Peer 1: 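Mind having a look at this structure? Questions to follow.
Note that this is a predicted model, so its numbers are computed, not measured.
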Amino acid sequence: MTPESRATLPPRHRQVSAVGLAGDARGVAREGVADAVALAVRSAGTLHDWAGLQPDRRALHGRGVAWAVRLADGTPVVVRRNRHGGLLARFTGDRFLPPTRAPRELATAVRLAAAGVPTPELVAYMVYPAGPLLRRVDVVTREVAESADLPAALDRWPGHRTALLAATARLVSQLTRAGARHADLNVKNILLTMDGETALAHVLDVDRVVFGGADDPAVLRANLARLVRSVQRWHERRGPLLDEGELQLLERLAREDA
């Protein structure tokens, strides 16, 4: 069940194992948080269960509930249980064939960061038995302070809509320069912060990223098309998010920056 060999681990990461209520859990953690991760698993069975028991936890709703908490060493993190989406969700839920998506998600996050694409640091993941063949997995990312996804950011900082759109466009162009095509680049997978008048966008759920050639126009077109489709679906299901002029501005800025 070991997710990857020690030789292929990113720098400053190590394998972690712990016996919890879910059985023999194994995973990878960044040095400095590995002991806190193992302690959490031993005390509550899984990282997600442990996080849900913490008195200072904050619920973050998406595909299931993620928990914003602090590890025992004080590191602010978000703990989420990986779940299937789309047609598989009804049948498989949170169960995956080994080695699960987690090793690839870690490798992708490290590669994106090295290419200059902002994404929350993946500090750990743990994999648990879920029957004879299947596994469950929890992923731990470092929390980005004072952040909000794109729809929430537009509500939170209404006077900075142009800056938020410019940051989102910049993220799309950064993905293009890295050759990174995100199959689920939706409005909830763009996380924004504001520093004065300047916004910064981070990309989430990077296990859906596939790498191609750097600066490939096809990557830009695919990412823009996926994001625009997400904006349109939001409009159909929940009401206006961006008007037509803002959507055109977003696309224009992304193409110019790329």
Side-chain angles (χ1 to χ4, degrees), residues 3-4 8-14 27-33 60 62-63 66 68 75-80 82-83 85 99-125 137-150 153 164-193 195 198-227 230 250 253-255 257-258:
E4 50 187 309
T8 60
L9 292 181
R12 299 181 296 280
H13 288 71
R14 67 178 176 88
V28 171
R30 188 173 178 86
E31 293 176 358
V33 305
L60 307 174
R63 187 178 293 166
T75 302
V77 297
V78 173
V79 181
R80 75 175 191 274
N82 268 4
R83 303 177 189 276
T100 79
R101 298 172 177 172
R104 185 176 181 280
E105 184 173 356
L106 173 59
T108 300
V110 170
R111 181 170 174 177
L112 287 173
V117 181
T119 188
E121 180 188 11
L122 200 162
V123 299
Y125 68 80
V137 58
D138 291 335
V139 175
V140 185
T141 53
R142 191 179 299 274
E143 184 179 16
V144 179
E146 298 298 320
S147 60
D149 61 42
L150 179 56
L164 295 169
L165 293 179
T168 301
R170 192 177 310 115
L171 178 65
V172 174
S173 68
Q174 289 168 325
L175 289 167
T176 302
R177 286 195 288 273
R181 177 174 177 172
H182 196 312
D184 194 18
L185 189 63
N186 64 63
V187 296
K188 299 288 286 183
N189 280 339
I190 296 174
L191 189 71
L192 290 129
T193 59
D195 182 8
T198 303
L200 176 66
H202 303 71
V203 64
L204 305 179
D205 284 1
V206 299
D207 61 300
R208 302 295 305 278
V209 168
V210 176
F211 288 96
D215 296 310
D216 185 349
V219 172
L220 174 63
R221 290 193 298 269
N223 285 335
L224 271 178
R226 181 65 185 86
L227 182 55
S230 175
L250 172 60
L253 291 176
R255 291 192 175 97
D257 195 45

Peer 1: Report, one line per pair, each donor and acceptor closer than 3.5 Å where one atom sits in a side chain of residues 209-221; sequence neighbours left out.
Peer 2:
residue	atom	partner	partner atom	Å
Asp216	OD1	Ala218	N	2.9

Peer 1: Closest heavy-atom contact between Arg101 and Arg83?
Peer 2: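 The answer is NH1-O, 3.5 Å.
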Peer 1: Are the side chains of Leu171 and Val117 in contact, using a 4.5 Å heavy-atom criterion?
Peer 2: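 Counting from C-beta outward, Val117 and Leu171 do come under 4.5 Å.
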Peer 1: List the atom of Ala178, the atom of Ala115, and the distance in Å for their closest heavy-atom pair.
Peer 2: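 Between these two residues, the closest heavy atoms are CB-CB, 3.8 Å.
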Peer 1: Among residues two or more places apart or on two chains, list those pairs meeting side chain to side chain donor-acceptor pair (under 3.5 Å) that have a residue in residues 164-188.
Peer 2: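 The answer is Asp149-Lys188, Ser173-Asp257, Asp184-Asn186, Asp184-Arg226.
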Peer 1: Quick one: are Tyr125 and Leu106 in side-chain contact, heavy atoms under 4.5 Å?
Peer 2: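 With C-beta onward as the side chain, the pair touches.
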Peer 1: Atom CD1 in Ile190, atom OG in Ser147: separation rounded to 0.5 Å?
Peer 2: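 Answer for the CD1-OG pair, Ile190 versus Ser147, is 13.5 Å.
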Peer 1: Is any side-chain heavy atom of Asp207 closer than 4.5 Å to a side-chain heavy atom of Asp205?
Peer 2: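 Side-chain contact under 4.5 Å: yes.
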Peer 1: Under the side chain to side chain donor-acceptor pair (under 3.5 Å) test, which residues partner Asn223, sequence neighbours left out?
Peer 2: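 Residues passing side chain to side chain donor-acceptor pair (under 3.5 Å) with Asn223: none at all.
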Peer 1: For Thr119, run the side chain to side chain contact (heavy atoms under 4.5 Å, CB included) check against Thr108, Val110, Val144, Val203 and tell me which one passes.
Peer 2: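 Result for side chain to side chain contact (heavy atoms under 4.5 Å, CB included) with Thr119: Val203.
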Peer 1: Taking salt bridge (Lys or Arg N to Asp or Glu O under 4.0 Å) as the definition, give me every residue that meets it alongside Arg208, ordered by chain and number, with sequence neighbours left out.
Peer 2: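 Applying salt bridge (Lys or Arg N to Asp or Glu O under 4.0 Å) to Arg208 gives none.
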Peer 1: State, with a plain yes or no, whether a side-chain heavy atom of Leu185 is found less than 4.5 Å away from one of Val172.
Peer 2: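 Leu185 reaches Val172 side chain to side chain.
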Peer 1: Go through it in stages, so that I can follow the logic: the residues are Leu9 and Val28, the test is side-chain contact (heavy atoms from CB on, under 4.5 Å), and I'd like the CA-CA distance, side-chain angles, deciding distance and then a yes or no.
Peer 2: CA-CA 8 Å; Leu9 292 181; Val28 171; 3.6 Å; yes
Peer 1: Please name the pair of heavy atoms, one in Leu253 and one in Ala169, separated by the smallest distance, quoted to 0.1 Å.
Peer 2: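 Heavy atoms only, the tightest pair is CB-CB, 3.6 Å.
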Peer 1: Compare all side-chain heavy atoms of His202 with those of Pro120 and state whether any distance is below 4.5 angstrom.
Peer 2: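 SC-SC contact between His202 and Pro120 confirmed.
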Peer 1: Determine, for Glu105 against Arg80, whether the closest basic-nitrogen to carboxylate-oxygen distance falls under 4.0 angstrom.
Peer 2: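 Yes, this pair counts.
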Peer 1: Evaluate the side-chain proximity of Val33 to Val77: yes if any heavy-atom separation is below 4.5 Å, no if none is.
Peer 2: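 In short, these two side chains do not touch, never coming nearer than 4.5 Å.
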Peer 1: Restricting to salt bridge (Lys or Arg N to Asp or Glu O under 4.0 Å), what partner residues turn up for Glu31, sequence neighbours left out?
Peer 2: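 Partners of Glu31 by the salt bridge (Lys or Arg N to Asp or Glu O under 4.0 Å) criterion come out as none, since no residue qualifies.
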Peer 1: Using side-chain contact (heavy atoms from CB on, under 4.5 Å), reason through Val78 and Val140 one step at a time and then give a plain yes or no.
Peer 2: CA-CA 6 Å; Val78 173; Val140 185; over 6 Å; no
Peer 1: Ignoring hydrogens, what is the shortest heavy-atom contact between Ala167 and Ala201? Give both atom names and the distance.
Peer 2: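 Looking at all heavy atoms of both residues, the shortest contact is O-CB, 3.5 Å.
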Peer 1: Hey, does Leu192 have a side-chain heavy atom less than 4.5 Å from the side chain of Leu200?
Peer 2: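 No. Closest side-chain heavy atoms not under 4.5 Å.
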Peer 1: Can you name the side chain to side chain donor-acceptor pair (under 3.5 Å) partners of Thr141, sequence neighbours left out?
Peer 2: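 For Thr141 there are no side chain to side chain donor-acceptor pair (under 3.5 Å) partners, ignoring immediate neighbours.
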Peer 1: Any heavy-atom pair between the side chains of Thr193 and Glu146 that's under 4.5 Å?
Peer 2: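 Glu146 vs Thr193: side chains apart.
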